Undergrad: 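Take this structure, written in structure tokens, and hold onto it; I'll ask about it next.
Heads up: numbering here begins at 1 and tracks the sequence. As the structure is a computational prediction, the values presented were derived from the model and not from experiment.
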Amino acid sequence: MTFGEIGVSIALVALAALSLLIAAKAYTPEYAFHAYLFAAASVGGIYAIVSRYMGGRPVAAQEIDGKPNYNMGPVKFAALISMFWGIAGFLVGVIIALQLAYPVMNLDLQWIQFGRLRPLHTSAVIFAFGGNVLLATSFYVVQRTSHARLAGDLAPWFVILGYNFFILIAGTGYLLGISQSKEYAEPEWYSDLFLTVVWVAYLLVFLATLWKRKEPHIYVANWFYLAFIVTIAVLHLGNNATIPVSIFSAKSYIVWAGVQDAMFQWWYGHNAVGFFLTAGFLAIMYYFVPKRANRPVYSYRLSIVHFWALIFLYIWAGPHHLHYTALPDWAQTLGMTFSIMLWMPSWGGMINGLMTLSGAWDKLRTDPVLRMMVVSVAFYGMSTFEGPLMSIKVVNSLSHYTDWTVGHVHSGALGWVGFVSFGALYCLVPWLYNRPGLYSLKLVNWHFWIATLGIVLYISSMWVAGIMQGLMWRAYTSLGFLEYSFIETVEAMHYFYVIRALGGALFLVGALIMAWNLYKTITSPSVEAVPAGRSQLAPAE
């Protein structure tokens, strides 16, 4: 056995033994269930390694006939599992949207209450769907742009499988009531600890692949991926600094207190958006839009300016989530100022992405995949205009705690992150499975228009609902009393909540169409396969 196989096997044996000990002495049955899951996953990992060794696994060559022998196995798994998690996350989103419109849909069951399903929805969409898209695309792009095989033998698989096991632990934890109640950081201490190990392995695999690259230049997409990986690691460690009650308890207490905890939380929360949902997906834009359009990046110099400006400015914007709170006023103003400054690099990136299509705009008529990616860049521009606007204190006094914020988040999540992810997967799957193209471009067209209609219904209903909420909350009578009770504002939202649920359902339908299209692309026999490593030309070419 190799050194890596022996080391991983020993680590998994130790983890299995510790997990069984914890399961036997756990304070709660929910925590014991998670311990058994860890033990089962460890045993499964040991079995896979031993079976691989006993089966006489071939030693993977770094090159074949002078060409890189790319490792696309982990990329395929991450791409396919991202579609599964995406549909699951969108479905839960539709359910909780219906629960807000029709509370009876809670069914009076504690496991599917809004308070438990809501973090399940956000984590499934952001970290399960979005995270796996980032893993798949980053491992693909770093190999192709480096002209080198992915570093490591077991390590890439440990990153992919370990990350998805973390998703499983986090998601089941929410349903069982295990949460530390921090926005976008709900998993408890043992989940966070495991994710830290996985994330360090991810960073090492990515860096080692860059280190052994044959191409002297590091393409800009890899800069964005690297910033995303490193910054998320720092954010994760800072916001999840906790002390467990006991190794046999799922409960822990954060080391930060009061306003310091709030500051850390929104430093983490906003930069999870800034680096997980922005920097990582900008890397996708910088590779897949030029690739699909068959055009070079409009301005490579602008892409570098965009990168460094975004990295240095975004990290300071978190305090705008804490306007009119106990946070010192200077810190609130600092967050607002840097948020406004973010307009420049954000729009620089948007312009760079859109102008990459110079001379290729005609392809939007015939290539719905490219159209989807271009519309995603447009949504990125709109969201990064609206965000700084909402960070201004006088605007924030109206918008904060209302559904306007929900509309803003989903214009970025569905329009920017969702569409650029769909576009990347539509590109990746035929390349990975050596197919001449997608099973049906007509289905992509249906997906595009149904999902776009869903996004428009969603965000427009939330804009109207949010502004109405803010105005009703601050309305006073001539005698100085509040004009509306809180329940009256809730009643006024009903029709908008129904429209939102309809919009989310349409987005889900689009994702189901995509899943069928990708399934048929993989399973349908191809008449003329594309040679490995070459991409299919867009229809207009």
Undergrad: Report yes or no: does Trp256 contribute a side-chain atom to a donor-acceptor pair with the main-chain N or O of Ala262 at less than 3.5 Å?
TA: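 Checking the backbone N and O of Ala262 against the side chain of Trp256, no donor-acceptor pair under 3.5 Å is found.
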Undergrad: Kindly assign one of parallel, tilted or perpendicular to the pair Phe224 and His306, based on the angle between their ring planes and the thresholds 30° and 60°.
TA: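 Phe224 vs His306 ring planes: tilted.
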Undergrad: What pair of heavy atoms forms the shortest contact from Ala185 to Asn239, and how long is it?
TA: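 Distance-wise, the nearest heavy atoms are CB-ND2, 3.6 Å.
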Undergrad: Can you tell me how far the OG atom of Ser421 sits from the CE atom of Met372, to the nearest 0.5 Å?
TA: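 Here the interatomic distance stands at 10.5 Å.
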Undergrad: Could you give the distance from OG1 (Thr405) to CD (Gln469), rounded to the nearest 0.5 Å?
TA: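 Between atom OG1 of Thr405 and atom CD of Gln469 there are 9.5 Å.
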Undergrad: Can you give me the closest heavy-atom contact between Gly162 and Phe194, atom names plus distance?
TA: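 Result for this residue pair: O-CE2, 3.2 Å.
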Undergrad: Would you mind reporting whether Ser397 and Arg474 have side-chain heavy atoms less than 4.5 Å apart?
TA: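 Of all side-chain heavy-atom pairs linking Ser397 with Arg474, at least one is under 4.5 Å.
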Undergrad: Look at the side chain of Thr489 and the backbone N and O of Phe486, then say whether any donor-acceptor pair between them is shorter than 3.5 Å.
TA: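 Side chain of Thr489 to backbone of Phe486: a pair is present.
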Undergrad: Mind checking whether Phe127 and Phe276 have parallel, tilted or perpendicular rings, split at 30° and 60°?
TA: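 Perpendicular.
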Undergrad: Look at the rings of Tyr202 and Trp199 and say which category their plane angle falls in: under 30° parallel, 30 to 60° tilted, over 60° perpendicular.
TA: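 Perpendicular.
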Undergrad: Would a 4.5 Å heavy-atom cut-off, applied to side chains only, mark Val420 and Val377 as touching?
TA: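 SC-SC contact between Val420 and Val377 ruled out.
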Undergrad: Does Glu215 have any salt bridge (charged side-chain N to carboxylate O under 4.0 Å, His left out) partners at least two apart in sequence or in another chain, and if so, which?
TA: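 Scan of Glu215 (salt bridge (charged side-chain N to carboxylate O under 4.0 Å, His left out), adjacent residues dropped) gives none.
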Undergrad: If you count heavy atoms of other groups shown closer than 6.0 angstrom to CH2 of Trp316, is the number above 12?
TA: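 12 or below, so no.
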Undergrad: Between Phe419 and Phe448, is a side chain to side chain contact (heavy atoms under 4.5 Å, CB included) present by the stated rule, with each step listed?
TA: CA-CA 9 Å; Phe419 270 17; Phe448 172 79; 3.9 Å; yes
Undergrad: Should we count CZ of Arg365 as having more than 12 external heavy atoms under 6.0 Å?
TA: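 Not more than 12 within 6.0 Å, no.
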Undergrad: Whether the side chain of Thr384 engages the backbone of Gly381 through a donor-acceptor N/O pair (distance < 3.5 Å, no angle test) should be reported.
TA: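 Checked: pair present.
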Undergrad: When rounded to the nearest 0.5 angstrom, what distance separates CD1 in Ile232 from CZ in Phe275?
TA: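 That separation rounds to 8.0 Å.
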Undergrad: Look at the side chain of Gln332 and the backbone N and O of Leu327, then say whether any donor-acceptor pair between them is shorter than 3.5 Å.
TA: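 Yes: the side chain of Gln332 pairs with the backbone of Leu327.
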Undergrad: If you compare all heavy atoms of Ala492 against all heavy atoms of Met468, which two are closest, and at what distance to 0.1 Å?
TA: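 Taking Ala492 first and Met468 second, the nearest heavy atoms are CB-SD, 4.0 Å.
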Undergrad: Go through the structure and list residues passing salt bridge (charged side-chain N to carboxylate O under 4.0 Å, His left out) with Lys442, not counting sequence neighbours.
TA: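 For Lys442 there are no salt bridge (charged side-chain N to carboxylate O under 4.0 Å, His left out) partners, ignoring immediate neighbours.
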Undergrad: What do you reckon, is CH2 of Trp446 surrounded by more than 12 foreign heavy atoms closer than 6.0 Å?
TA: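 No - once you tally the heavy atoms of other residues, nucleotides and ligands closer than 6.0 Å, there are 12 at most.
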Undergrad: Look only at the side chain of Gln265 and the backbone of Glu183, and say whether a donor-acceptor pair between them is shorter than 3.5 Å.
TA: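 Yes; at least one donor-acceptor contact below 3.5 Å.
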Undergrad: Can you check side chain to side chain contact (heavy atoms under 4.5 Å, CB included) on Ser411 and Met382, steps first, answer last?
TA: CA-CA 8 Å; Ser411 69; Met382 182 183 71; 3.7 Å; yes
Undergrad: Do other residues, nucleotides or ligands put more than 12 heavy atoms under 6.0 Å from Trp308 CH2?
TA: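 Result for CH2/Trp308: open.
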Undergrad: State the CZ-CD1 distance between Arg213 and Ile218, to the nearest 0.5 angstrom.
TA: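 Answer for the CZ-CD1 pair, Arg213 versus Ile218, is 4.0 Å.
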Undergrad: Check Leu457 against Ile499 and note the closest heavy-atom contact, atom names and distance.
TA: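 Closest approach of Leu457 to Ile499: O-CG2, 3.7 Å.
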Undergrad: Between the main-chain N or O of Ser440 and the side-chain N or O of Asn517, is there a donor-acceptor pair closer than 3.5 Å?
TA: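 Pair found, side chain donor or acceptor close to backbone of Ser440.
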Undergrad: Not counting sequence neighbours, which residues clear salt bridge (charged side-chain N to carboxylate O under 4.0 Å, His left out) with Arg116? List them please.
TA: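 Partners of Arg116 under the salt bridge (charged side-chain N to carboxylate O under 4.0 Å, His left out) test: none.
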Undergrad: Is the distance from the ring center of Tyr380 to that of Trp416 below 6.0 Å?
TA: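 Yes, ring centres under 6.0 Å apart.
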Undergrad: Does CZ in Phe77 sit with more than 12 non-hydrogen atoms of other residues, nucleotides or ligands closer than 6.0 Å?
TA: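 Correct, the count exceeds 12.
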Undergrad: Would you say the side-chain atoms of His400 pair up with the backbone N or O of His321, donor to acceptor, closer than 3.5 Å?
TA: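 Flag set: sc His400 to bb His321 pair under 3.5 Å.
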Undergrad: Using 30° and 60° as the class boundaries, would you call the ring planes of His320 and His323 parallel, tilted or perpendicular?
TA: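 Ring orientation of His320 relative to His323: tilted.
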Undergrad: Work out which heavy atom in Leu441 is nearest to a heavy atom in Leu438; give both atom names and the distance.
TA: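 Leu441 and Leu438 have their closest heavy atoms at CD2-CD1, 4.2 Å.
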Undergrad: Quick one, Tyr300 and His217 - any side-chain contact, counting heavy atoms below 4.5 Å?
TA: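 In short, these two side chains touch, coming nearer than 4.5 Å.
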Undergrad: Does Val289 form a side chain to side chain contact (heavy atoms under 4.5 Å, CB included) with Leu357? I'd like the steps, not just the answer.
TA: CA-CA 8 Å; Val289 170; Leu357 269 77; 3.8 Å; yes
Undergrad: Not counting sequence neighbours, which residues clear side-chain contact (heavy atoms from CB on, under 4.5 Å) with Val197? List them please.
TA: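 Val197 satisfies side-chain contact (heavy atoms from CB on, under 4.5 Å) with Phe158 only.
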Undergrad: Below 4.5 Å, heavy atoms only, C-beta onward: do Glu386 and Trp463 meet side chain to side chain?
TA: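 Of all side-chain heavy-atom pairs linking Trp463 with Glu386, at least one is under 4.5 Å.
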Undergrad: So Leu414 and Phe379, side chain to side chain contact (heavy atoms under 4.5 Å, CB included) or not? Walk me through it.
TA: CA-CA 9 Å; Leu414 303 181; Phe379 270 109; over 6 Å; no
Undergrad: Which pair of non-hydrogen atoms, one from Ile87 and one from Leu508, has the smallest distance, and what is that distance?
TA: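 Closest approach of Ile87 to Leu508, heavy atoms only: O-CD1, 3.8 Å.
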Undergrad: Anything under 30° is parallel, anything over 60° is perpendicular, the rest tilted; go ahead and classify Tyr219 against Tyr287.
TA: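 Perpendicular, since the angle between the ring planes exceeds 60°.
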Undergrad: Given the side-chain rings of Phe90 and Phe507, with only the six-membered ring counted for Trp, is the space between their centroids under 6.0 Å?
TA: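 Yes, the ring centres sit under 6.0 Å apart.
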Undergrad: By side chain to side chain donor-acceptor pair (under 3.5 Å), which residues pair with Tyr314, not counting sequence neighbours?
TA: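 Listed in chain order: nothing, the list is empty.
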Undergrad: Under the 3.5 angstrom rule, does the side chain of Tyr324 hit a backbone N or O of Lys393 as a donor-acceptor pair?
TA: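 Yes; judged by distance alone, with no hydrogens or angles, the pair exists.
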Undergrad: What's the spacing between Leu120 CG and Glu186 CD if we round to 0.5 Å?
TA: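 Here the interatomic distance stands at 10.0 Å.
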Undergrad: Given 3.5 Å as the limit, does a donor-acceptor pair link the side chain of Thr231 with the main chain of Phe228, or not?
TA: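 Not a single qualifying donor-acceptor pair exists.
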Undergrad: Centre-to-centre under 6.0 Å for Trp473 and Tyr401, is that the case here?
TA: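 No, too far apart.
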Undergrad: Between Thr209 (side chain) and Ala151 (backbone), is there a donor-acceptor pair under 3.5 Å?
TA: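 Side chain of Thr209 to backbone of Ala151, a donor-acceptor pair under 3.5 Å: yes, one is there.
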Undergrad: Among all residues two or more places apart in sequence or in another chain, which pass the salt bridge (charged side-chain N to carboxylate O under 4.0 Å, His left out) test with Lys76?
TA: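 Residues passing salt bridge (charged side-chain N to carboxylate O under 4.0 Å, His left out) with Lys76: none at all.
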Undergrad: Once you round to the nearest 0.5 Å, how far does CD1 of Ile284 lie from CZ of Phe288?
TA: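 The CZ atom of Phe288 is 6.5 Å from CD1 of Ile284, to the nearest 0.5 Å.
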Undergrad: So do the side chains of Asn164 and Trp85 get within less than 4.5 Å of each other, counting heavy atoms only?
TA: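 Asn164 reaches Trp85 side chain to side chain.
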